[in-house]
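As structure tokens, the structure follows; a few thoughts come after it.
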Amino acid sequence: MTLLEGKNLTMIFGGLAALDSVDITIEEGEILSLIGPNGAGKTTLFNLITGVYSPTRGSICFKQKEIINMKPYDITKMGIARTFQNIRLFGEMSVLDNVIIGQHCRTRTGVVGAILRTSAVKKEEKKVHDRAMEILNFVGLDNEAAEKAKNLPYGKQRRLELARALATEPDLMLLDEPAAGMNPQETNELIELIGKLNDMGKTVLLIEHDMKLVMGISQRIMVLDYGKKIADGPPEKIRNDEKVIKAYLGDRTRKEVQAC
Amino acid sequence: MFKLSKTLILLIVIALTLLALAGCGQPQSTGSSGSSSSSDSSNSSEQASSDDVIKIGTIGPLTGNTATYGISTKNGVEVAVDEINKAGGINGKQVKLFSEDTRGDQTEAANAATKLIEQDKVIAIVGGVLSSETMTAGPIANDAKVVMISSSSTASGIPDIGSYIFRNCLSDDVQATQLAEYAAKDLGLKKFAIIYTNNDYGLSLKNAFEAKAKEVAEVVDVETYNDGESDFRAQLTKIKGFGPDALYIAGYYTEAAKIAQQSQEQGLKVQILGADGFYSPKLVELGGKSVEGAIFTAGFFADDPSESVQNFVKAYKEKYNSEPDMFAAQAYDAAKILLAAIKNANGEGGEALQAEMAKTKDFPGITGNTSFAGNGDAVKDIIILKVENGKFTKLR
Amino acid sequence: MFFQQFFAQVMNGLTLGSTYALIALGYTMVYGILELINFAHSEIYMTGAFVGLIMVTVYKLPFAAALLAGMAGSCILGVIIEKVAYRPLRKATRIAPLISAIGVSIFLQNAALLIFGPQARAFPANFNSVSLNFGLVQISSLQLLILVISVLLMVTLHFLIHKTKIGQAMRATAQDKETAQLMGIKIDRVISFTFAIGSALGGAAGVLVGVYFNSADPMMGFFPGLKGFVAAVLGGIGNIPGAMIGGLILGMAEVFGAVYMSQYKDAIAFAVLILILLFKPTGLMGQRIQEKV
Amino acid sequence: MRMNYYLQVLTVLGINIILAVSLNLISGYTGQLSLGHATFMGIGAYTATLLTLKLHVPFLLSLIFGAAVAALFGFIIGVPTLRLKGDYLAIATLGFGEIMKNILLNMKITGGPMGLRGIPKVTNIYIVAVAVVIVIFSLNRIMISRVGKSFIAIREDELAAEAMGINTTNYKILAFVIGAFYAGIAGGLYAFLFRYINPNNFGFMKSIEILCMVVLGGMGNTAGAILGAALLTVLPEFLRSVSPVISQYRMVFYGLLLVIMMIVRPQGLLSGTSFYPRYPRRLSVEKSAGKGGQ
């Protein structure tokens, strides 16, 4: 079943098309990777799906509902979560609080409730806290729960972003270069983690440059170049797609890709 | 209930600190909790040690952008106090003056008045200088039964604060009304335009002047400006369109000089009229030729040949090396009136002093003969001055 | 009659607006390069007026010398302020230099109050202003002088920024400090230079306004400073032509506001500002900055 | 109704504490720089005063109603301006403050520049102390809740906060509304303490003074805001009693202090220490026994 369908997506910045008539479909439960050279429009696509930008043209349906012109927070509430290319954690807050904030759209305490601290509020707080610890445990950050987010090492910050996204209880997770800056061991752990997420039923859309990761876990790969979609299919097809190799991958990467 | 322990502890600490500090203050005040608000500070046992001096205070801006008025006021009071101390004091007791700065801020004025009354135990205060200061300091003095006499707070409503609040300055209403009448009848001016500063002073003057001018002549246009503004050309260009013969400037000399100058520059030929806010040598310094011929009301005239005025001017110049302005003169008179009343009350404050103050009648001061109306407002003569050859001369 | 008044008001607006524009330039240049609202700029302007005043009254120098001295005085002060109060904070949070600027402003204002006293002083221009008639348009020679000097200064500034090497360095630094540094630009020097130029313009405005109103006082910077800032935002802060246009618009808005409802003069100026901000949040000529995600 | 000098200063301090912590909510926790906080104080003061003087509404009711009207204005001002960011927001709040002051100066019912006088004296140290405790207590409850965490998240990274499902515009407005409510309470207390108000009490300089309290103590730190308020309230009074000569220079010192403070300790005196517990102790971090995943 199709979870998300984007049609004819075009985004023009100051006369330049960052995205040009791109179609994208994401099937429920799959891991779809988005690859392409820098400036190909990958992050722009993410920003369209998550409502940060409104496209110049085109439509996006998520769970059969049009989400163009919806605000990012409403889209999150509908079940799309994301991480950022350049980590955007709440640095001064604790690791635990970062994950608690992730559950914002699933909770409802207001100002009055907060001041009165009714038993319902306390119950909700307990639930949120327990769930947050569970998620931290899941990504392996439970020992750092009380740390300030900005004090975590890089790899752990990436994982915390993932945990925070997971806390919004999404159906679709958009991960923007989750392995950037990670060492091979950390990357392997990440692959395992994304696999587990997928096993839990989360659909994943991934932007990644690490070909090993992409080829290893993707069920399907979509290739963007200069804002245009040039290929879309299973990894083995992409690996041998001459257009992709020629137009985008280049010699060095060809070896890398084919080695996978 | 350990959940908010840190918060609670901090809150408790704050609350306790407040109460502890409140407790510390207790012995020094005579009735702070309000239980014995009728007690008079001069009856306090602590007064005994300092009974050999009579304490009075002044409040006003000594720093900040309104400091000119406050410093003049303080200086005027100091001259009066020096005078009486040189003459042997009041019933053999020297007068001690406490001056507090308000920075022109009404919150600080209240703090300053409280300090003078509760810490320094003054029996009377000259001040505040700005109307807003007197508005917040006045009720405090009145509650404490400390006589307060302001020599420059012209806003309406100040004498109504209470029976302990007196005022020795020209009321805006009287000044503006008399000048409107004078301008229409004696000068034969027919069409008036008014420009006023949008504060209590300017507004009171404008209201009174407009009312009277409409009665005796015609008001063609009323314009306004905010405190601290410099450019009045827009308003003046508009006024010029109405072709008035006279322009009443309800404001202070700094702006008045600029208004006069800018109207001259725009070819607006009118008789400039004003109120006591004009009275400063700065008017001529800033306005130059454009203020020549300006006519305004005042309560004091430094070149008045009378002996009392010249003595004051001489003493002031000796002490401060500058010309006394109206603030100094009115403050001097206010202090003299106050000191005379203290003498009559045998150095007592409180009710006795209030009664003596209220009795003041035709007190011969340098700003004319002063009596107090029932509400504590001064009733006195008004002088009308004119700028001639860069000097002030008395018209009436 | 109506047109005569109308044009007279336009001239009033232009003159007032050109002084706002000069002040606004200082704000906008500093903002362009440091992203800092230099609250002390109103005191730099006041200092310029006082330096000029001293030249005229104490040393009996002609107006032109006073103008140059005022500019020089403000220029030096501006550079010192940047060195002492802002440079150490370049890496701090954005609010720290802002507060520091407010501190400098309070300090200078009160130091001037102590030195010069709170009373306004006359600022004689040493020349007679006459009213010039060009048909419907009537303008005083003083207004004309202010307009001419302001325009001259702005043209010079434009030339400086677009045609000289240091101007190029300023533009590069404003765009991207790090890259500019990599290109061999000494950004500390460029920032100092920016403060020097912006402050000199503020000082010129101080002297011109002092002469225009024949007075200088320690508090004189507050309102024009605020208005200059508003003008800068109006035009798009960081944008130099924007500051000039913002100044002129604000001058006009104030003058015509004062004609129709003088008691709401200030409110009108700020209302115009807020409306513009709401519909064009980065000012009239400011560029929309897309946040990088 | 007399109050000794120390009590008087303490009462003023209490009012300033409320102002500082309420601005801290907006600027410190939520990260929205406001240069017009005194406006809300003024609206609270005027509303409470008018209710009492014209309609004889009892003190407590006027106080709360005044705060509610201030909160309403926080909303009205917040809705259009909070779309603006950073410095633009700052200048818009400043503009609104000046416009409000101009309106107060020209309205008949507010007495224009004459202000309003004859306000009964009700405020005393006990009432202020209770108000301070209530304000700080409720503020802390808000800050440990989901709402407070959202405020901080917005300050830390607005875009990420939106991605977490936080309606940032609504929450920023909410911060303004709550901050304005507290400032309105402070305004009401102020009016009933000094018995006289006029528009100039609530202008730009007052807003700056409140901002300085927050910054001096440390942005985003309630204890810091309290300390800042205490310093800037007590210090001038202390200088007053030390020496009139120093008193003459105190505004110069005040300016210098801000500059030196920013250079030496830009994060404020108490930054880094946390006044409120991030989460209730009962829920504090313990090694969760739960197993990962599902």
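So you know, we letter chains A, B, ... as the sequences are listed, proteins then strands, and number each from 1. Keep in mind it's a predicted model, so treat the numbers as computed, not measured.
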NZ/NE/NH1/NH2 to OD/OE distance under 4.0 Å, D:Lys121 and B:Asp143:
no

Does a side-chain heavy-atom distance below 4.5 Å link B:Gln106 with D:Asn198?
yes

Heavy-atom distances under 4.5 Å only: say whether B:Thr224 touches chain D with side chain, backbone, both or neither.
neither

Do D:Tyr6 and B:Gln119 come within less than 4.5 Å of each other through their side chains, counting heavy atoms only?
yes

Nearest-0.5 Å distance, NZ of residue D:Lys206 to CG of residue B:Asp105
7.0 Å

Side chains of B:Ser204 and D:Met114 in contact at under 4.5 Å (non-hydrogen atoms):
yes

Measuring from atom OG1 of B:Thr136 to atom CD1 of D:Ile197, what distance do you get when rounded to the nearest 0.5 angstrom?
12.5 Å

A side-chain contact here means heavy atoms from C-beta on lying under 4.5 Å apart; do B:Asn226 and D:Lys101 qualify?
no

Nearest heavy-atom neighbours spanning D:Tyr190 and B:Thr107
OH-OG1, 2.8 Å

Closest heavy-atom pair and its distance - D:Asn4, B:Glu118
CA-CG, 3.8 Å

To the nearest 0.5 Å, what is the distance between OH on D:Tyr5 and CG on B:Asp120?
9.5 Å

Distance check, rounded to the nearest 0.5 Å: B:Met135 atom CE versus D:Arg195 atom CZ?
13.0 Å

Is any side-chain heavy atom of B:Ile140 less than 4.5 Å from a side-chain heavy atom of D:Gln8?
yes

Taking all heavy atoms of B:Asp200 and all of D:Pro113, pick out the closest pair and write down the distance.
N-CB, 3.5 Å

Could you tell me which of B:Asn111, B:Ile161, B:Asn199 has the largest number of non-hydrogen atom pairs under 4.5 Å with chain D?
B:Asn111

State, to 0.1 Å, how close D:Phe194 and B:Ala110 come at their nearest heavy-atom pair, and which atoms those are.
CE2-CB, 3.1 Å

Applying a strict 4.5 Å limit to non-hydrogen atoms, the region of B:Ala137 in contact with chain D is neither

